[in-house]
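Contents: one structure, followed by commentary.
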Amino acid sequence: MSQFRSMRRSASRFRDNAGLKALPLVLTVAAVGGGLWFVGNKAGWFAKEQTAKVEGALVQRGPLRISVIERGNLRAADAVSIKNEIEGNSTILWIIAEGTVVKEGDLLVELDTSQQVDKRLAQEISVRNADAAYVKAQKNYEIQKSQNDSDIKKAEQNLLFAEKDLEKFVAEQGEATNQLAKAQEQITLAEEQYSQAESKVNWSRQLYDKGFLTKTDLDADDLALRRAGIQRESAKRELGLLKSYQLERDRIKLQGGLEEAHRELERVKLQAAAKIVDYEADMRTREAQLKLEQEKLDKLVAQISKAKIRAPKPGMVVYAQLEQNRMGQSQPIQEGTSVRERQEIITIPNAAGMVAQVSLHESVLKQVQVGQGCLVKVDALGQRELRGRVSFVAVLPDQNSWFSNPNTRLYRTEVQILDSNPEMRPGMSCAVEVLVEDIQDTLYAPVQAIFRSGGDQLCFVATAAGTEERKVKTGRFNDKWVQIVEGVSEGETVLLAAPPGFSPVAVQAGASDVSAFPAPAAPTAPTGQGGGAGAGAPAGPGAGAGGASSGAPGAGASGAADPAAGAGSGGRGSRGNMDPAQAEEFRKRMEAMTPEEREKMRERFGRGGSGGAPSGDGSTAPASGGSGTGTGGGK
């Protein structure tokens, strides 16, 4: 009997242990089943088909602030820019840490100049060669100059000799007179000799006749007489030739020699000038080459000296913001980065003033003017608002914004921050609200309540009898509210989404759109999810209900009234204004971006919210892109 009780107690303990082991499994299955039921119930899996409820908003009367809100970054109003002054591209070997407070003269950056050092060594050799060539050219010039002086002096001497020779010949007691006198004297002597010979012959004949001389002696005396007669006649002929030919010939020769000496002198001078020009040109060429080579060397030395950049003033180091390339990418400032000539590397800001730099879409450009007041919220300072003033609006669009969408035009705008705060730093993100106008008393409604059909602006008014479609006229608008000039009354309920079955009329091509909703080219942005589904969203910068959609400006719900507007579901950003090639190029650019760059572009286009565009009559009007009750929040 006791054995039987023992067996029953063992069985009971076994059942208790088995039940305890199965309990966690049962609880797990129950939890999973309950979770699936809860999720399915929330998602409407087990609910019956329901009719979508279209909600609306009241038309209100009161003050309305018209403003333009954009996000941007802070930068110093007055900053010293540190740039690369080395030609070509240089690599950063060392750079001081960003945020370091430096004193004047502290080393900031050291750049690689190994190529410049090699070029300097080669250039020093070129300078020495050029200097040797210049010295040689100088000596050759001096030698040629001395040779020219000698040649000219010799020619001048020859000219002087020729002048003296002619003067000696034609003078009253010159060579010509002397030659005539000599010739006459020769004749006189010849006549005297003839007269003596004739007397001797006469005496010899008398003596021969008397027998005192022989025949031979007489013949000798006759021969002497004939010789003297011949000499007398020869002297006379010489005198005649001298007078008739020789003296004139000698005068002409001397005169020609004088003239030739003049010409020779001129010729020598010309030849000397020609030769000296060649040597002088060679010397100047060598001198210019030496100066050029020396300038190159000095430039390389100066370039090498610029490799170490020092702080020109005390302050905090801030790395420069690099421009993005065509693919939206940029290389950060760090050791190993290649920087081009004149590229900014570091800025040392002046903490006395800051400006906020934002980019305005062309659709709101006409609303912003220089001098308008602003409210600036710096993300790092929480909800603190700082006063500001628009100080600059670019005349031309920013060319660096084309990579996001070639059809987008963004204009760089600067806002001077009037309130100082020591916690502000360059590069901090901020939100800028440009205060366009404060309307003291007006009717206004949410921008999601205005739709466009053809050239008319419409809204749908909830009445006791149902939904009534009305034409309205709008005025100014901001990111949430639009001014209603006429068409509805205070207290009426307007729908935030078009009723089912509404089919907007597209604007005819070439037709004049008299509405206040001209549709600007919507910038292409990453896809963002807006509010719930809706219909009939008008064109222009807009968002889902609540103005928080991250879709691109101009994006709307399905069934957008304007073909230019985005036609995504629930405020999805549109690229409908891009052809397939542009869409593919945009996709490749997005893939090439870093996650930080993609997130920055999403924030950039996501802050558009509800917005509007300038109207044809100079006023502005909103455009809605979301549905009735959704609350944006896209990513």
Side-chain angles (χ1 to χ4, degrees), residues 126-196 227-295:
S126 299
V127 168
R128 287 194 290 269
N129 292 337
D131 183 64
Y134 174 60
V135 172
K136 181 179 179 181
Q138 276 185 316
K139 298 304 180 183
N140 290 336
Y141 172 79
E142 293 173 358
I143 292 172
Q144 185 60 43
K145 187 176 179 180
S146 177
Q147 183 65 43
N148 290 346
D149 293 340
S150 298
D151 293 342
I152 292 174
K153 290 294 184 181
K154 183 177 181 180
E156 289 176 346
Q157 185 179 21
N158 292 335
L159 175 61
L160 180 62
F161 289 165
E163 290 176 348
K164 293 299 181 181
D165 289 344
L166 180 60
E167 183 180 355
K168 182 180 70 173
F169 184 79
V170 300
E172 184 177 357
Q173 299 297 325
E175 286 186 355
T177 303
N178 187 35
Q179 289 180 12
L180 287 174
K182 283 183 178 181
Q184 190 64 41
E185 290 171 354
Q186 290 293 331
I187 293 173
T188 301
L189 291 175
E191 288 179 347
E192 291 291 334
Q193 289 177 357
Y194 182 79
S195 186
Q196 290 178 358
R227 182 183 297 112
I230 291 172
Q231 289 177 351
R232 185 185 65 178
E233 293 300 325
S234 175
K236 291 180 178 179
R237 287 195 301 271
E238 287 291 334
L239 178 60
L241 290 173
L242 186 62
K243 290 181 178 180
S244 301
Y245 302 104
Q246 187 64 41
L247 291 179
E248 183 67 16
R249 179 181 179 276
D250 291 344
R251 186 188 67 79
I252 293 174
K253 181 178 179 181
L254 291 174
Q255 183 68 36
L258 177 61
E259 294 176 355
E260 180 63 24
H262 277 288
R263 289 191 293 270
E264 180 66 18
L265 177 60
E266 294 299 325
R267 185 163 49 249
V268 168
K269 288 182 178 179
L270 292 175
Q271 290 176 349
K275 291 178 181 179
I276 202 66
V277 164
D278 291 340
Y279 284 93
E280 186 177 6
D282 182 63
M283 182 181 65
R284 291 180 177 177
T285 300
R286 300 299 181 182
E287 182 181 11
Q289 289 178 348
L290 175 60
K291 289 182 178 179
L292 181 61
E293 298 297 337
Q294 186 64 46
E295 288 176 358

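Note that the coordinates shown come from a computational prediction; the quantities given were computed from them, not determined experimentally. The analysis underlying the following values was restricted to heavy atoms, covering all of them including side chains, and did not include hydrogens, waters or symmetry mates.
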- Heavy-atom closest pair, residues Tyr194 and Ala228: CA-CB, 3.4 Å
- Give the minimum heavy-atom separation between Leu290 and Ala130, together with the two atoms involved. CA-CB, 3.8 Å
- Task: Quick one: do Gln173 and Asn178 satisfy side-chain contact (heavy atoms from CB on, under 4.5 Å)? Show the steps, please.
- Result: CA-CA 7 Å; Gln173 299 297 325; Asn178 187 35; over 6 Å; no
- Query: Judged by atom type as modelled, is there a donor-acceptor pair below 3.5 Å linking the side chain of Ser234 to the main-chain atoms of Ile230?
  - Reply: no
- Closest non-hydrogen contact found for Val268 with Ile152 is CG1-N, 3.6 Å
- Message: Check this for me, if you would: do Lys145 and Asp149 make a salt bridge, where the nitrogen-to-carboxylate-oxygen distance has to be below 4.0 angstrom?
- Response: no
- Item | Straight-line distance of Lys269 NZ to Asp151 CG, nearest 0.5 Å | 13.0 Å
- What are the two closest non-hydrogen atoms of Leu247 and Phe169, and how far apart are they? O-CZ, 3.0 Å
- Query: Passes salt bridge (Lys or Arg N to Asp or Glu O under 4.0 Å), Glu287 versus Lys291? Steps please.
  - Reply: CA-CA 6 Å; Glu287 182 181 11; Lys291 289 182 178 179; 3.8 Å; yes
- Item | Leu241 side chain near Gln246 side chain, heavy-atom distance below 4.5 Å | no
- Message: For the CG atom of Leu265 and the NZ atom of Lys153, what is their distance to the nearest 0.5 Å?
- Response: 10.5 Å
- Can you check whether Glu142's main-chain N or O pairs, donor with acceptor, with Ser146's side chain at less than 3.5 Å? no
- Message: Go through it in stages, so that I can follow the logic: the residues are Arg284 and Glu280, the test is salt bridge (Lys or Arg N to Asp or Glu O under 4.0 Å), and I'd like the CA-CA distance, side-chain angles, deciding distance and then a yes or no.
- Response: CA-CA 6 Å; Arg284 291 180 177 177; Glu280 186 177 6; 2.6 Å; yes
- Query: Can you check whether Glu163 reaches His262 side chain to side chain, under 4.5 Å on heavy atoms?
  - Reply: yes
- Message: What I want to find out is whether Glu185 reaches Lys182 closely enough, with some N-O distance under 4.0 Å, to be called a salt bridge.
- Response: no
- What heavy-atom pair brings Ala261 and Ala162 nearest, and what distance separates the two atoms? CB-CB, 4.0 Å
- To the nearest 0.5 Å, atom NZ of Lys253 lies from atom CG of Asp165 at 10.0 Å
- Note on the structure: CZ of Arg251 to CG of Leu166, rounded to nearest 0.5 Å, is 8.0 Å
- Looking at side-chain heavy atoms only, is the closest gap between Glu264 and Leu159 below 4.5 Å? no
- Task: Check the pair Leu239, Gln184 against side-chain contact (heavy atoms from CB on, under 4.5 Å), reporting the backbone distance first and the verdict last.
- Result: CA-CA 7 Å; Leu239 178 60; Gln184 190 64 41; 3.1 Å; yes
- From CA spacing to verdict: side-chain contact (heavy atoms from CB on, under 4.5 Å), Leu160, Glu156: CA-CA 6 Å; Leu160 180 62; Glu156 289 176 346; over 6 Å; no
- Would you sort out whether Arg263 and Glu266 count as a salt bridge (Lys or Arg N to Asp or Glu O under 4.0 Å), showing the intermediate values? CA-CA 5 Å; Arg263 289 191 293 270; Glu266 294 299 325; over 6 Å; no
- Which atom of Ala137 lies closest to which atom of Arg286, heavy atoms considered: CB-CG, 3.7 Å
- Message: Is there a salt bridge (Lys or Arg N to Asp or Glu O under 4.0 Å) between Glu293 and Arg128? Walk through the geometry before answering.
- Response: CA-CA 9 Å; Glu293 298 297 337; Arg128 287 194 290 269; over 6 Å; no
- Query: Could you go step by step and tell me if Gln231 and Gln193 meet the side-chain contact (heavy atoms from CB on, under 4.5 Å) rule?
  - Reply: CA-CA 9 Å; Gln231 289 177 351; Gln193 289 177 357; 2.9 Å; yes
- Going by heavy atoms in the side chains, are Tyr279 and Met283 under 4.5 Å from each other? no
- Under the side chain to side chain donor-acceptor pair (under 3.5 Å) criterion, do Asn140 and Gln144 qualify, and how do the steps go? CA-CA 6 Å; Asn140 290 336; Gln144 185 60 43; over 6 Å; no
- Check salt bridge (charged side-chain N to carboxylate O under 4.0 Å, His left out) between Lys168 and all other residues, then give those that pass, not counting sequence neighbours. Glu175
- Task: Scan Asp282, Ile276, Asp278 and name whichever one has a side-chain contact (heavy atoms from CB on, under 4.5 Å) with Tyr141.
- Result: Ile276
